[in-house]
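This report refers to the structure that appears directly beneath it.
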Amino acid sequence: MSAKTVLPAVGMTAVSMVLTLAVVVMWLGTAMPWPVAVVVGLGIDGGWLATLAYERRLAAQGDHSTPVTAVGWSFGLIATGVLIAHALTEESAGAWLAVAWLPIAAKALWLVHGLWERTALTGEALDAIQGIQQEARDEAAVARARLRAEAATEETRLTAVTQAGARVAHVQARTADTLSKAWSTLEAAREGEDTGRALTSVTTRVTPGVTPRWELPVWGPTEPVSGFALESAGALTDDALDVLVDQIRHSETPALSYREMAARFRTAGHSASEVRLRAAWKRVA
């Protein structure tokens with residue numbers, strides 16, 4: 001895998017060294033003997049190659065030296081400077097300037113290769129990392145699917161509950177309407193003049209000269225009374241029942257209504273039929 005970075009670095013270095021040597025020989029060969037120009041070019045390339053080899057040795061040992069790195073970059077800059085200076089003295093300066101960056105590019109490639117080596121992992125480690133990533137992706141996909149399924153289930157449940165609630169509300173509305181109509185009918189029957197005369201002819205007068213009033217039935221919660229309590233409690237006389245009803249009725253201010261009085265009467269453990277209790281209420285009220 002390291003060949004992906006080391007081969008471009010080696011190729012760029014070789015091209016840079018050959019180009020630097022050729023430029024030094026062509027440029028300085030006119031001012032000094034060509035062997036001297038070759039020595040100068042080889043000196044630049046040799047210094048660069050020596051520092052590069054030492055850097056690679058330190059990298060193989062897991063070490064790093066800043067002075068050696070600085071010297072290596074210095075030789076690269078010198079080679080680049082030589083190429084730029086030669087390009088400026090030539091007529092076709094653009095062509096020479098186009099290749100003047102090769103030494104710096106070679107150093108940059110070696111830097112990239114060093115970073116590759118420091119971050120390289122073995123095949124086993126890469127397989128383990130891929131397995132962990134795949135496991136995480138699988139768990140995330142399962143979690144997303146679970147959330148989507150739960151959301152769909154909750155939506156279905158809410159829809160069913162809403163529909164059931166609507167049906168219950170509709171039934172309650174119809175029941176309430178029926179009850180209201182029945183109550184209106186009872187109220188009209190009670191308030192009717194003919195109904196009062198008919199009731200007077202079939203009911204017993206509680207007090208002479210007074211026509212008994214027909215009360216509407218009381219709709220509300222009731223509390224069952226055990227048979228033992230009914231049997232054990234002694235039957236109250238009318239006078240005792242009147243006194244007891246009057247005491248319960250005036251136990252609070254303002255006086256209690258019949259429903260509240262009857263509830264407290266039953267709660268206190270007293271026993272009397274609804275007919276007798278209502279008759280006592282009428283007598284004291």
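The chain is numbered in sequence order, starting from 1.
- For the atom pair CG of L277 and CG of L241, the computed distance is 6.0 Å after rounding to the nearest 0.5 Å.
- Between T267 and A263 the shortest heavy-atom distance is OG1-O, 2.7 Å.
- Surrounding CZ of R146 are at most 12 heavy atoms belonging to other residues, nucleotides or ligands under 6.0 Å away.
- At distances below 3.5 Å, at least one donor-acceptor pair connects side-chain atoms of H250 with backbone N or O atoms of D246.
- Between E274 and R278 there is a salt bridge, since at least one side-chain N of the basic residue sits less than 4.0 Å from a carboxylate O of the acidic one.
- Two residues are said to be in side-chain contact when any heavy atoms from C-beta on lie closer than 4.5 Å; R264 and M261 fail this criterion.
- Remark: R276 engages D238 in a salt bridge, criterion side-chain N to carboxylate O under 4.0 Å.
- Separation of atoms CZ (R249) and OH (Y258) is listed at 13.0 Å; rounding is to 0.5 Å.
- Under the 4.5 Å side-chain criterion, counting only non-hydrogen atoms from C-beta, R174 is in contact with V171.
- Put simply, the side chain of R266 gets close to the backbone of A272: a donor and an acceptor are under 3.5 Å apart.
- Note that the CD1 atom of I132 and the CG atom of D127 stand 11.0 Å from one another [nearest 0.5 Å].
- When side chains are defined from C-beta on, V142 does not count as touching E139, because their heavy atoms never get closer than 4.5 Å.
- Residues D242 and W281 have side chains not in contact (no heavy-atom distance under 4.5 Å, counting atoms from C-beta outward).
- Partners of R157 under the side-chain hydrogen bond (donor to acceptor under 3.5 Å, both in side chains) rule, at least two apart in sequence or in another chain, are E154.
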